[in-house]
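All remarks here apply to the structure that follows.
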Number of protein chains: 2
Amino acid sequence: MKFAKIPMATINRLSVYMRTLQELLEEDVEVISSERLAKQCGVNPAQIRKDLAYFGEFGVRGVGYHVADLVNQIKEILGLSRTWNLAMVGLGNIGSSLIRHGNFVKHGYIFTAAFDVDPQKVGKKLPNGLVVNHVDELEEVIRERDVHIGVIATPAGAAQSVANQLILAGINGILNFAPVQIQVPDCCHVENVDFTIKLDCIAYHLSTGV
Amino acid sequence: MKFAKIPMATINRLSVYMRTLQELLEEDVEVISSERLAKQCGVNPAQIRKDLAYFGEFGVRGVGYHVADLVNQIKEILGLSRTWNLAMVGLGNIGSSLIRHGNFVKHGYIFTAAFDVDPQKVGKKLPNGLVVNHVDELEEVIRERDVHIGVIATPAGAAQSVANQLILAGINGILNFAPVQIQVPDCCHVENVDFTIKLDCIAYHLSTGV
DNA sequence: GAACCAATGTGAATAAGGGCACAACGTTGG
DNA sequence: CCAACGTTGTGCCCTTATTCACATTGGTTC
(Lines give C-alpha, C1' and ligand atoms only; values in the text may rest on other atoms or scores of the structure.)
Protein backbone atom coordinates (compact mmCIF):
# COMPACT_ATOMS: atom_id res chain seq x y z
CA MET A 1 0.00 0.00 0.00
CA LYS A 2 1.41 3.33 -1.10
CA PHE A 3 0.41 6.91 -0.96
CA ALA A 4 1.03 7.67 -4.60
CA LYS A 5 -1.39 9.84 -6.50
CA ILE A 6 -4.23 7.67 -7.72
CA PRO A 7 -5.05 7.91 -11.42
CA MET A 8 -8.59 9.00 -12.16
CA ALA A 9 -8.89 6.02 -14.50
CA THR A 10 -8.29 3.73 -11.55
CA ILE A 11 -11.19 5.23 -9.64
CA ASN A 12 -13.46 4.75 -12.62
CA ARG A 13 -12.43 1.15 -12.94
CA LEU A 14 -12.94 0.47 -9.26
CA SER A 15 -16.51 1.52 -9.75
CA VAL A 16 -16.86 -0.92 -12.62
CA TYR A 17 -15.25 -3.74 -10.64
CA MET A 18 -17.63 -3.08 -7.78
CA ARG A 19 -20.67 -3.28 -9.99
CA THR A 20 -19.49 -6.54 -11.53
CA LEU A 21 -18.66 -7.96 -8.13
CA GLN A 22 -22.11 -7.08 -6.86
CA GLU A 23 -23.60 -9.04 -9.73
CA LEU A 24 -21.36 -11.98 -8.93
CA LEU A 25 -22.48 -11.76 -5.33
CA GLU A 26 -26.08 -12.15 -6.42
CA GLU A 27 -25.06 -15.24 -8.35
CA ASP A 28 -23.55 -16.62 -5.12
CA VAL A 29 -20.00 -16.53 -6.42
CA GLU A 30 -17.82 -16.40 -3.32
CA VAL A 31 -14.32 -16.14 -4.71
CA ILE A 32 -12.98 -14.84 -8.01
CA SER A 33 -9.57 -14.53 -9.61
CA SER A 34 -8.32 -11.32 -11.18
CA GLU A 35 -8.28 -13.14 -14.49
CA ARG A 36 -11.97 -14.01 -14.48
CA LEU A 37 -13.00 -10.65 -13.13
CA ALA A 38 -10.87 -8.95 -15.75
CA LYS A 39 -12.56 -10.82 -18.54
CA GLN A 40 -15.96 -9.84 -17.24
CA CYS A 41 -14.96 -6.17 -16.94
CA GLY A 42 -13.12 -6.09 -20.23
CA VAL A 43 -9.73 -5.13 -18.80
CA ASN A 44 -6.31 -6.65 -18.19
CA PRO A 45 -5.90 -8.85 -15.07
CA ALA A 46 -2.72 -7.05 -14.03
CA GLN A 47 -4.65 -3.82 -14.25
CA ILE A 48 -7.07 -4.97 -11.61
CA ARG A 49 -4.35 -6.15 -9.28
CA LYS A 50 -2.46 -2.90 -9.71
CA ASP A 51 -5.53 -0.77 -9.22
CA LEU A 52 -6.26 -2.56 -5.96
CA ALA A 53 -2.61 -2.45 -4.90
CA TYR A 54 -2.86 1.34 -4.61
CA PHE A 55 -5.05 0.82 -1.59
CA GLY A 56 -3.87 -2.37 0.05
CA GLU A 57 -3.73 -6.13 -0.32
CA PHE A 58 -7.18 -7.57 -0.62
CA GLY A 59 -6.55 -10.90 -2.30
CA VAL A 60 -5.37 -14.30 -1.15
CA ARG A 61 -2.45 -15.73 -3.15
CA GLY A 62 -3.26 -18.94 -4.88
CA VAL A 63 -6.97 -18.34 -4.39
CA GLY A 64 -8.21 -14.98 -5.57
CA TYR A 65 -10.48 -12.37 -4.05
CA HIS A 66 -13.35 -12.97 -1.69
CA VAL A 67 -16.19 -11.28 -3.53
CA ALA A 68 -18.21 -9.96 -0.58
CA ASP A 69 -15.09 -8.67 1.14
CA LEU A 70 -13.80 -6.95 -1.96
CA VAL A 71 -17.11 -5.19 -2.55
CA ASN A 72 -16.93 -3.77 0.94
CA GLN A 73 -13.31 -2.78 0.55
CA ILE A 74 -14.00 -0.93 -2.68
CA LYS A 75 -17.01 0.75 -1.14
CA GLU A 76 -14.78 1.92 1.67
CA ILE A 77 -12.18 3.20 -0.79
CA LEU A 78 -14.68 5.11 -2.89
CA GLY A 79 -16.48 6.53 0.10
CA LEU A 80 -19.66 4.56 -0.53
CA SER A 81 -20.15 3.00 2.88
CA ARG A 82 -22.42 5.94 3.63
CA THR A 83 -25.16 7.80 1.79
CA TRP A 84 -24.80 11.03 -0.18
CA ASN A 85 -27.44 13.70 -0.55
CA LEU A 86 -28.06 15.06 -4.02
CA ALA A 87 -29.81 18.15 -5.31
CA MET A 88 -31.29 18.12 -8.78
CA VAL A 89 -31.33 21.44 -10.61
CA GLY A 90 -33.53 21.49 -13.70
CA LEU A 91 -36.62 19.35 -13.96
CA GLY A 92 -36.98 18.97 -17.69
CA ASN A 93 -37.01 15.59 -19.41
CA ILE A 94 -33.69 14.41 -18.13
CA GLY A 95 -33.91 15.86 -14.65
CA SER A 96 -37.30 14.39 -13.85
CA SER A 97 -36.47 10.99 -15.24
CA LEU A 98 -33.27 10.83 -13.24
CA ILE A 99 -35.10 11.60 -10.02
CA ARG A 100 -37.49 8.76 -10.74
CA HIS A 101 -34.61 6.46 -11.59
CA GLY A 102 -34.08 3.77 -8.96
CA ASN A 103 -30.35 3.21 -9.44
CA PHE A 104 -29.38 6.24 -7.42
CA VAL A 105 -31.02 5.14 -4.21
CA LYS A 106 -29.77 1.62 -4.76
CA HIS A 107 -26.21 2.91 -4.60
CA GLY A 108 -26.73 5.24 -1.70
CA TYR A 109 -27.41 8.49 -3.55
CA ILE A 110 -30.51 10.24 -2.28
CA PHE A 111 -32.18 13.29 -3.78
CA THR A 112 -33.01 15.63 -0.92
CA ALA A 113 -33.73 18.75 -2.98
CA ALA A 114 -34.99 19.66 -6.43
CA PHE A 115 -35.00 23.04 -8.17
CA ASP A 116 -36.43 24.66 -11.25
CA VAL A 117 -37.20 28.17 -12.48
CA ASP A 118 -40.57 27.34 -14.02
CA PRO A 119 -43.31 28.71 -11.71
CA GLN A 120 -45.56 25.88 -12.86
CA LYS A 121 -43.14 23.33 -11.46
CA VAL A 122 -42.19 25.10 -8.24
CA GLY A 123 -44.27 23.79 -5.34
CA LYS A 124 -45.25 20.60 -7.16
CA LYS A 125 -44.66 17.29 -5.43
CA LEU A 126 -42.43 14.79 -7.21
CA PRO A 127 -43.04 11.01 -7.25
CA ASN A 128 -40.42 10.53 -4.53
CA GLY A 129 -42.18 12.99 -2.26
CA LEU A 130 -39.84 15.94 -2.81
CA VAL A 131 -41.38 19.36 -3.28
CA VAL A 132 -39.78 21.47 -6.00
CA ASN A 133 -38.10 24.68 -4.88
CA HIS A 134 -37.34 27.74 -6.94
CA VAL A 135 -33.70 28.15 -7.93
CA ASP A 136 -33.66 31.43 -6.03
CA GLU A 137 -33.88 29.44 -2.82
CA LEU A 138 -31.01 27.21 -3.85
CA GLU A 139 -28.36 28.25 -1.36
CA GLU A 140 -30.70 28.26 1.61
CA VAL A 141 -32.29 24.89 0.88
CA ILE A 142 -29.01 23.22 0.06
CA ARG A 143 -27.45 24.21 3.36
CA GLU A 144 -30.58 23.30 5.25
CA ARG A 145 -30.86 19.81 3.80
CA ASP A 146 -27.16 19.03 3.95
CA VAL A 147 -26.77 18.43 0.22
CA HIS A 148 -23.34 17.10 -0.80
CA ILE A 149 -23.56 16.82 -4.56
CA GLY A 150 -25.32 19.01 -7.13
CA VAL A 151 -26.74 17.57 -10.33
CA ILE A 152 -27.15 20.01 -13.21
CA ALA A 153 -29.80 19.05 -15.76
CA THR A 154 -30.62 22.49 -17.09
CA PRO A 155 -30.32 23.75 -20.66
CA ALA A 156 -26.76 24.57 -21.67
CA GLY A 157 -27.25 28.29 -21.24
CA ALA A 158 -28.15 28.09 -17.57
CA ALA A 159 -25.52 25.57 -16.50
CA GLN A 160 -22.68 27.93 -15.62
CA SER A 161 -24.87 30.21 -13.56
CA VAL A 162 -26.31 27.25 -11.66
CA ALA A 163 -22.82 25.94 -11.06
CA ASN A 164 -21.82 29.28 -9.59
CA GLN A 165 -24.76 29.20 -7.23
CA LEU A 166 -24.02 25.64 -6.18
CA ILE A 167 -20.46 26.59 -5.35
CA LEU A 168 -21.63 29.60 -3.38
CA ALA A 169 -23.84 27.21 -1.44
CA GLY A 170 -20.73 25.23 -0.49
CA ILE A 171 -21.10 22.33 -2.91
CA ASN A 172 -17.82 20.63 -3.88
CA GLY A 173 -19.08 17.96 -6.27
CA ILE A 174 -21.13 18.48 -9.42
CA LEU A 175 -22.56 16.03 -11.89
CA ASN A 176 -23.19 17.98 -15.08
CA PHE A 177 -25.62 16.75 -17.73
CA ALA A 178 -25.63 20.04 -19.65
CA PRO A 179 -23.59 19.90 -22.85
CA VAL A 180 -21.12 22.63 -21.91
CA GLN A 181 -17.80 22.79 -20.10
CA ILE A 182 -18.47 24.54 -16.83
CA GLN A 183 -15.72 26.48 -15.08
CA VAL A 184 -15.28 25.90 -11.35
CA PRO A 185 -12.61 26.56 -8.72
CA ASP A 186 -10.19 23.75 -7.91
CA CYS A 187 -11.95 22.85 -4.70
CA CYS A 188 -14.96 21.66 -6.69
CA HIS A 189 -14.96 18.43 -8.63
CA VAL A 190 -17.07 18.26 -11.80
CA GLU A 191 -18.00 15.16 -13.76
CA ASN A 192 -19.65 15.59 -17.12
CA VAL A 193 -22.19 13.21 -18.57
CA ASP A 194 -22.48 14.14 -22.21
CA PHE A 195 -24.04 11.61 -24.50
CA THR A 196 -23.70 13.89 -27.51
CA ILE A 197 -19.95 13.46 -27.27
CA LYS A 198 -20.39 9.72 -27.02
CA LEU A 199 -22.64 9.70 -30.06
CA ASP A 200 -20.13 11.78 -32.02
CA CYS A 201 -17.54 9.22 -31.10
CA ILE A 202 -19.71 6.41 -32.44
CA ALA A 203 -20.40 8.38 -35.60
CA TYR A 204 -16.66 8.80 -36.09
CA HIS A 205 -16.08 5.09 -35.77
CA LEU A 206 -18.90 4.22 -38.10
CA SER A 207 -17.66 6.66 -40.74
CA THR A 208 -14.03 5.61 -40.63
CA GLY A 209 -14.21 2.00 -39.54
CA VAL A 210 -15.99 0.83 -42.68
CA MET B 1 -1.53 15.32 -41.92
CA LYS B 2 -0.59 11.80 -40.95
CA PHE B 3 -2.24 8.43 -40.91
CA ALA B 4 -1.29 7.56 -37.37
CA LYS B 5 -3.80 5.93 -35.10
CA ILE B 6 -5.98 8.63 -33.62
CA PRO B 7 -6.31 8.58 -29.84
CA MET B 8 -9.86 8.17 -28.63
CA ALA B 9 -9.31 11.16 -26.36
CA THR B 10 -8.68 13.30 -29.42
CA ILE B 11 -12.03 12.36 -30.90
CA ASN B 12 -13.76 13.25 -27.67
CA ARG B 13 -12.05 16.60 -27.55
CA LEU B 14 -12.90 17.37 -31.17
CA SER B 15 -16.51 17.00 -30.19
CA VAL B 16 -16.00 19.46 -27.35
CA TYR B 17 -14.18 21.93 -29.60
CA MET B 18 -17.00 21.74 -32.10
CA ARG B 19 -19.62 22.50 -29.50
CA THR B 20 -17.66 25.49 -28.23
CA LEU B 21 -17.03 26.73 -31.76
CA GLN B 22 -20.73 26.51 -32.53
CA GLU B 23 -21.41 28.72 -29.55
CA LEU B 24 -18.79 31.19 -30.72
CA LEU B 25 -20.41 31.17 -34.12
CA GLU B 26 -23.70 32.24 -32.60
CA GLU B 27 -21.85 35.10 -30.93
CA ASP B 28 -20.55 36.14 -34.35
CA VAL B 29 -16.93 35.40 -33.54
CA GLU B 30 -15.25 34.86 -36.89
CA VAL B 31 -11.71 33.95 -35.96
CA ILE B 32 -10.21 32.41 -32.83
CA SER B 33 -6.73 31.44 -31.69
CA SER B 34 -5.92 28.07 -30.20
CA GLU B 35 -5.09 29.86 -26.99
CA ARG B 36 -8.50 31.42 -26.52
CA LEU B 37 -10.33 28.32 -27.65
CA ALA B 38 -8.23 26.25 -25.28
CA LYS B 39 -9.13 28.40 -22.34
CA GLN B 40 -12.81 28.07 -23.14
CA CYS B 41 -12.58 24.29 -23.47
CA GLY B 42 -10.35 23.86 -20.45
CA VAL B 43 -7.43 22.28 -22.29
CA ASN B 44 -3.90 23.13 -23.40
CA PRO B 45 -3.51 25.20 -26.61
CA ALA B 46 -0.89 22.82 -27.99
CA GLN B 47 -3.36 20.01 -27.42
CA ILE B 48 -5.86 21.61 -29.74
CA ARG B 49 -3.29 22.22 -32.44
CA LYS B 50 -2.02 18.68 -32.15
CA ASP B 51 -5.50 17.19 -32.22
CA LEU B 52 -6.29 19.08 -35.40
CA ALA B 53 -2.90 18.27 -36.91
CA TYR B 54 -3.90 14.61 -37.07
CA PHE B 55 -6.33 15.52 -39.80
CA GLY B 56 -4.79 18.43 -41.66
CA GLU B 57 -3.89 22.09 -41.43
CA PHE B 58 -6.93 24.17 -40.69
CA GLY B 59 -5.45 27.32 -39.22
CA VAL B 60 -3.78 30.42 -40.59
CA ARG B 61 -0.42 31.21 -39.02
CA GLY B 62 -0.32 34.54 -37.30
CA VAL B 63 -4.12 34.70 -37.30
CA GLY B 64 -5.88 31.66 -35.88
CA TYR B 65 -8.77 29.51 -37.01
CA HIS B 66 -11.77 30.64 -38.99
CA VAL B 67 -14.61 29.53 -36.75
CA ALA B 68 -17.21 28.61 -39.36
CA ASP B 69 -14.66 26.73 -41.45
CA LEU B 70 -13.33 24.82 -38.49
CA VAL B 71 -16.80 23.72 -37.43
CA ASN B 72 -17.36 22.27 -40.87
CA GLN B 73 -13.98 20.62 -40.94
CA ILE B 74 -14.57 18.94 -37.59
CA LYS B 75 -18.01 17.85 -38.68
CA GLU B 76 -16.44 16.28 -41.71
CA ILE B 77 -13.81 14.54 -39.59
CA LEU B 78 -16.31 13.12 -37.14
CA GLY B 79 -18.74 12.08 -39.83
CA LEU B 80 -21.38 14.59 -38.83
CA SER B 81 -22.05 16.21 -42.16
CA ARG B 82 -24.91 13.78 -42.54
CA THR B 83 -27.66 12.44 -40.31
CA TRP B 84 -27.63 9.20 -38.34
CA ASN B 85 -30.63 7.04 -37.56
CA LEU B 86 -31.03 5.81 -34.02
CA ALA B 87 -33.12 3.08 -32.45
CA MET B 88 -34.07 3.34 -28.81
CA VAL B 89 -34.46 0.07 -26.93
CA GLY B 90 -36.19 0.38 -23.58
CA LEU B 91 -38.77 3.06 -22.90
CA GLY B 92 -38.51 3.47 -19.17
CA ASN B 93 -37.70 6.77 -17.54
CA ILE B 94 -34.44 7.36 -19.28
CA GLY B 95 -35.40 6.00 -22.68
CA SER B 96 -38.55 8.07 -23.01
CA SER B 97 -36.91 11.25 -21.80
CA LEU B 98 -34.05 10.84 -24.24
CA ILE B 99 -36.42 10.45 -27.16
CA ARG B 100 -38.13 13.67 -26.16
CA HIS B 101 -34.80 15.41 -25.77
CA GLY B 102 -34.14 17.98 -28.49
CA ASN B 103 -30.34 17.85 -28.53
CA PHE B 104 -30.24 14.72 -30.63
CA VAL B 105 -32.07 16.11 -33.60
CA LYS B 106 -30.12 19.34 -33.30
CA HIS B 107 -26.92 17.41 -33.92
CA GLY B 108 -28.26 15.23 -36.68
CA TYR B 109 -29.26 12.15 -34.70
CA ILE B 110 -32.77 11.00 -35.49
CA PHE B 111 -34.75 8.30 -33.72
CA THR B 112 -36.38 6.18 -36.38
CA ALA B 113 -37.36 3.23 -34.21
CA ALA B 114 -38.27 2.51 -30.58
CA PHE B 115 -38.66 -0.81 -28.82
CA ASP B 116 -39.92 -2.18 -25.55
CA VAL B 117 -41.14 -5.50 -24.16
CA ASP B 118 -44.05 -4.07 -22.18
CA PRO B 119 -47.30 -4.91 -24.06
CA GLN B 120 -48.82 -1.73 -22.64
CA LYS B 121 -46.20 0.35 -24.43
CA VAL B 122 -46.04 -1.53 -27.73
CA GLY B 123 -48.21 0.15 -30.32
CA LYS B 124 -48.33 3.46 -28.45
CA LYS B 125 -47.39 6.61 -30.31
CA LEU B 126 -44.54 8.67 -28.89
CA PRO B 127 -44.46 12.50 -28.84
CA ASN B 128 -42.19 12.52 -31.90
CA GLY B 129 -44.66 10.41 -33.87
CA LEU B 130 -42.82 7.10 -33.57
CA VAL B 131 -44.89 4.01 -32.85
CA VAL B 132 -43.34 1.62 -30.34
CA ASN B 133 -42.44 -1.83 -31.62
CA HIS B 134 -41.97 -5.00 -29.62
CA VAL B 135 -38.36 -6.06 -29.14
CA ASP B 136 -39.18 -9.29 -30.96
CA GLU B 137 -39.48 -7.26 -34.15
CA LEU B 138 -36.14 -5.60 -33.57
CA GLU B 139 -34.10 -7.09 -36.38
CA GLU B 140 -36.78 -6.64 -38.99
CA VAL B 141 -37.62 -3.05 -38.12
CA ILE B 142 -34.00 -2.01 -37.79
CA ARG B 143 -33.11 -3.25 -41.24
CA GLU B 144 -36.26 -1.77 -42.72
CA ARG B 145 -35.69 1.71 -41.30
CA ASP B 146 -31.96 1.79 -41.97
CA VAL B 147 -30.96 2.28 -38.34
CA HIS B 148 -27.25 2.97 -37.83
CA ILE B 149 -26.88 3.25 -34.06
CA GLY B 150 -28.64 1.40 -31.25
CA VAL B 151 -29.33 3.05 -27.90
CA ILE B 152 -29.77 0.70 -24.96
CA ALA B 153 -31.83 2.10 -22.09
CA THR B 154 -33.07 -1.15 -20.61
CA PRO B 155 -32.52 -2.49 -17.10
CA ALA B 156 -29.05 -3.95 -16.58
CA GLY B 157 -30.27 -7.51 -16.88
CA ALA B 158 -31.61 -7.10 -20.39
CA ALA B 159 -28.74 -5.09 -21.85
CA GLN B 160 -26.52 -7.92 -23.08
CA SER B 161 -29.36 -9.74 -24.77
CA VAL B 162 -30.49 -6.56 -26.49
CA ALA B 163 -26.92 -5.89 -27.60
CA ASN B 164 -26.76 -9.35 -29.12
CA GLN B 165 -29.96 -8.72 -31.06
CA LEU B 166 -28.72 -5.34 -32.27
CA ILE B 167 -25.55 -6.92 -33.57
CA LEU B 168 -27.52 -9.66 -35.31
CA ALA B 169 -29.48 -6.88 -36.97
CA GLY B 170 -26.25 -5.50 -38.36
CA ILE B 171 -25.72 -2.61 -35.96
CA ASN B 172 -22.11 -1.53 -35.46
CA GLY B 173 -22.51 1.30 -32.99
CA ILE B 174 -24.16 1.14 -29.57
CA LEU B 175 -24.76 3.80 -26.96
CA ASN B 176 -25.28 1.97 -23.69
CA PHE B 177 -27.05 3.58 -20.74
CA ALA B 178 -27.41 0.33 -18.80
CA PRO B 179 -24.95 0.06 -15.94
CA VAL B 180 -23.16 -3.06 -17.17
CA GLN B 181 -20.22 -3.79 -19.42
CA ILE B 182 -21.65 -5.39 -22.52
CA GLN B 183 -19.58 -7.77 -24.61
CA VAL B 184 -19.57 -7.25 -28.36
CA PRO B 185 -17.45 -8.37 -31.32
CA ASP B 186 -14.69 -6.04 -32.51
CA CYS B 187 -16.68 -4.81 -35.46
CA CYS B 188 -19.10 -3.09 -33.09
CA HIS B 189 -18.25 0.06 -31.19
CA VAL B 190 -19.83 0.59 -27.77
CA GLU B 191 -19.90 3.80 -25.76
CA ASN B 192 -21.12 3.65 -22.19
CA VAL B 193 -22.96 6.44 -20.45
CA ASP B 194 -22.88 5.55 -16.82
CA PHE B 195 -23.62 8.28 -14.35
CA THR B 196 -23.30 5.93 -11.39
CA ILE B 197 -19.61 5.67 -12.17
CA LYS B 198 -19.37 9.42 -12.38
CA LEU B 199 -21.13 9.80 -9.06
CA ASP B 200 -18.83 7.26 -7.45
CA CYS B 201 -15.96 9.31 -8.74
CA ILE B 202 -17.37 12.44 -7.13
CA ALA B 203 -17.98 10.57 -3.90
CA TYR B 204 -14.35 9.47 -3.91
CA HIS B 205 -13.14 13.01 -4.33
CA LEU B 206 -15.41 14.34 -1.65
CA SER B 207 -14.30 11.66 0.82
CA THR B 208 -10.59 12.02 0.22
CA GLY B 209 -10.23 15.61 -0.89
CA VAL B 210 -11.31 17.04 2.43
C1' DG C 1 5.06 -31.40 7.75
C1' DA C 2 6.97 -30.94 3.26
C1' DA C 3 6.28 -30.28 -1.50
C1' DC C 4 3.32 -28.66 -4.97
C1' DC C 5 -0.04 -25.50 -6.94
C1' DA C 6 -2.25 -21.35 -8.20
C1' DA C 7 -3.02 -16.64 -8.14
C1' DT C 8 -1.46 -12.49 -6.01
C1' DG C 9 1.55 -8.31 -5.64
C1' DT C 10 5.13 -5.77 -7.91
C1' DG C 11 9.49 -4.20 -10.37
C1' DA C 12 10.82 -3.45 -14.90
C1' DA C 13 9.68 -2.77 -19.72
C1' DT C 14 6.71 -0.83 -22.99
C1' DA C 15 3.41 2.15 -24.81
C1' DA C 16 0.72 6.19 -24.96
C1' DG C 17 -0.38 10.80 -24.14
C1' DG C 18 0.42 15.54 -23.19
C1' DG C 19 3.13 19.84 -23.09
C1' DC C 20 7.08 22.84 -24.13
C1' DA C 21 9.54 25.46 -27.14
C1' DC C 22 10.75 26.82 -31.47
C1' DA C 23 10.96 26.98 -36.45
C1' DA C 24 7.85 27.94 -40.30
C1' DC C 25 5.08 31.11 -42.40
C1' DG C 26 0.88 34.04 -43.42
C1' DT C 27 -0.23 38.88 -42.40
C1' DT C 28 0.24 43.61 -41.57
C1' DG C 29 2.54 48.07 -41.47
C1' DG C 30 6.01 51.14 -43.00
C1' DC D 1 9.49 45.40 -51.11
C1' DC D 2 11.13 44.40 -46.66
C1' DA D 3 10.88 43.82 -41.78
C1' DA D 4 8.40 42.92 -37.65
C1' DC D 5 4.72 40.42 -35.58
C1' DG D 6 1.77 36.73 -34.11
C1' DT D 7 0.05 32.21 -34.27
C1' DT D 8 0.24 27.86 -36.26
C1' DG D 9 2.34 23.17 -36.89
C1' DT D 10 5.58 19.96 -34.96
C1' DG D 11 9.96 17.59 -33.12
C1' DC D 12 11.40 16.37 -28.75
C1' DC D 13 11.03 15.36 -24.01
C1' DC D 14 8.71 14.21 -19.95
C1' DT D 15 5.13 12.32 -17.48
C1' DT D 16 1.65 8.92 -16.91
C1' DA D 17 -0.64 4.62 -17.80
C1' DT D 18 -0.63 -0.16 -19.17
C1' DT D 19 1.24 -4.65 -19.75
C1' DC D 20 4.53 -8.28 -18.97
C1' DA D 21 6.86 -11.54 -16.29
C1' DC D 22 8.24 -13.43 -12.17
C1' DA D 23 9.20 -13.90 -7.41
C1' DT D 24 6.21 -14.43 -3.35
C1' DT D 25 3.15 -16.69 -0.51
C1' DG D 26 -1.29 -18.63 1.24
C1' DG D 27 -3.64 -22.88 0.62
C1' DT D 28 -3.97 -27.86 -0.37
C1' DT D 29 -2.69 -32.57 -0.72
C1' DC D 30 -0.33 -36.61 0.40
Side-chain angles (χ1 to χ4, degrees), chain A residues 1-17 20-21 24 29-71 73-74 77 181 197 201 204, chain B residues 1-17 20-21 24 29-71 73-74 77 181 197 201 204:
Chain A
M1 176 156 175
K2 317 162 190 176
F3 278 100
K5 193 158 55 65
I6 316 294
M8 174 74 69
T10 292
I11 303 302
N12 276 280
R13 282 191 298 264
L14 284 179
S15 183
V16 174
Y17 303 158
T20 307
L21 289 165
L24 290 168
V29 179
E30 290 191 357
V31 170
I32 192 164
S33 68
S34 60
E35 192 176 339
R36 287 215 299 140
L37 181 59
K39 183 167 284 179
Q40 207 151 346
C41 297
V43 300
N44 185 294
Q47 184 84 77
I48 295 187
R49 299 200 295 273
K50 184 150 281 189
D51 283 337
L52 292 172
Y54 280 113
F55 302 95
E57 307 195 357
F58 307 115
V60 182
R61 294 178 193 227
V63 178
Y65 299 89
H66 192 277
V67 178
D69 272 4
L70 191 50
V71 168
Q73 299 279 11
I74 295 181
I77 292 167
Q181 295 309 106
I197 293 179
C201 195
Y204 170 78
Chain B
M1 176 158 173
K2 317 165 191 174
F3 277 101
K5 193 160 51 68
I6 317 294
M8 174 74 69
T10 291
I11 303 302
N12 277 279
R13 282 190 297 265
L14 284 179
S15 182
V16 173
Y17 304 158
T20 306
L21 289 166
L24 289 169
V29 179
E30 289 191 357
V31 170
I32 193 163
S33 67
S34 60
E35 193 176 340
R36 286 215 300 141
L37 180 59
K39 183 167 284 179
Q40 207 153 345
C41 296
V43 300
N44 184 293
Q47 184 83 76
I48 295 187
R49 299 200 294 273
K50 185 158 281 191
D51 283 338
L52 293 172
Y54 281 114
F55 301 97
E57 307 196 356
F58 306 115
V60 182
R61 294 176 193 226
V63 178
Y65 299 89
H66 191 275
V67 178
D69 272 4
L70 192 51
V71 168
Q73 299 279 11
I74 296 181
I77 292 167
Q181 296 308 104
I197 292 180
C201 196
Y204 170 78

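Worth knowing before you read on, the calculation uses all heavy atoms, side chains too, and leaves out hydrogens, waters and symmetry mates. We name chains A, B, ... by the order of the sequence lines, and we start the count at 1 in each one.
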Whole-Å distance between [N] [atom2] and [X] [atom1]?
{"X": "A:F58", "N": "C:dG9", "atom1": "CZ", "atom2": "P", "value": "9 Å"}
{"X": "A:D51", "N": "D:dT16", "atom1": "CG", "atom2": "P", "value": "17 Å"}
{"X": "A:D69", "N": "D:dG26", "atom1": "CG", "atom2": "P", "value": "16 Å"}
{"X": "A:M8", "N": "D:dT18", "atom1": "CE", "atom2": "P", "value": "13 Å"}
{"X": "B:I48", "N": "C:dG19", "atom1": "CD1", "atom2": "C1'", "value": "13 Å"}
{"X": "B:I6", "N": "C:dA16", "atom1": "CD1", "atom2": "C1'", "value": "14 Å"}
{"X": "A:N44", "N": "C:dG9", "atom1": "CG", "atom2": "C1'", "value": "14 Å"}
{"X": "B:L70", "N": "D:dT7", "atom1": "CG", "atom2": "C1'", "value": "14 Å"}

Point to revise | No-H, no-angle donor-acceptor pair, B:R61 side chain to C:dA24 base, under 3.5 Å | key: yes
Check your understanding: Under the 3.5 Å rule, do the base of D:dT10 and the side chain of B:K50 count as making a donor-acceptor pair?
Key -> no
[N] phosphate, OP1 or OP2: any side-chain N/O from [X] under 4.0 angstrom?
{"X": "B:S34", "N": "D:dT7", "result": "no"}
{"X": "A:Q47", "N": "D:dA17", "result": "no"}
{"X": "B:Y54", "N": "C:dG18", "result": "no"}
{"X": "B:R13", "N": "C:dG18", "result": "yes"}
{"X": "B:R36", "N": "D:dT7", "result": "no"}
{"X": "B:Y65", "N": "D:dG9", "result": "yes"}

Check your understanding: Mapping A:V63 and B:V60 to their closest nucleotides on DNA chain D, which lands nearer the 5' end?
Key -> B:V60
Check your understanding: For B:I77, which of B:T10, B:L14, B:D51 qualifies under side chain to side chain contact (heavy atoms under 4.5 Å, CB included)?
Key -> B:L14
Check your understanding: Can you find a heavy atom in the side chain of B:I74 that is under 4.5 Å from one in the side chain of B:F58?
Key -> no
Exercise for review: Search all heavy atoms of A:L21 against all heavy atoms of A:I32 and return the closest pair with its distance.
Suggested key: CD2-CG2, 4.1 Å
Exercise for review: Step through the shown structure and confirm whether more than 12 heavy atoms of other residues, nucleotides or ligands are within 6.0 Å of CD on B:E35.
Suggested key: no
**Study point:** Atom CZ of A:R13 with >12 non-hydrogen neighbours under 6.0 angstrom
**Key:** yes
Name the closest nucleotide to the [X] side chain, picking from [options].
{"X": "A:E57", "options": "C:dA16, C:dC20, C:dT10", "value": "C:dT10"}
{"X": "B:A9", "options": "C:dT8, C:dG18, D:dT16", "value": "C:dG18"}
{"X": "B:R49", "options": "C:dT10, D:dT24, D:dT8", "value": "D:dT8"}

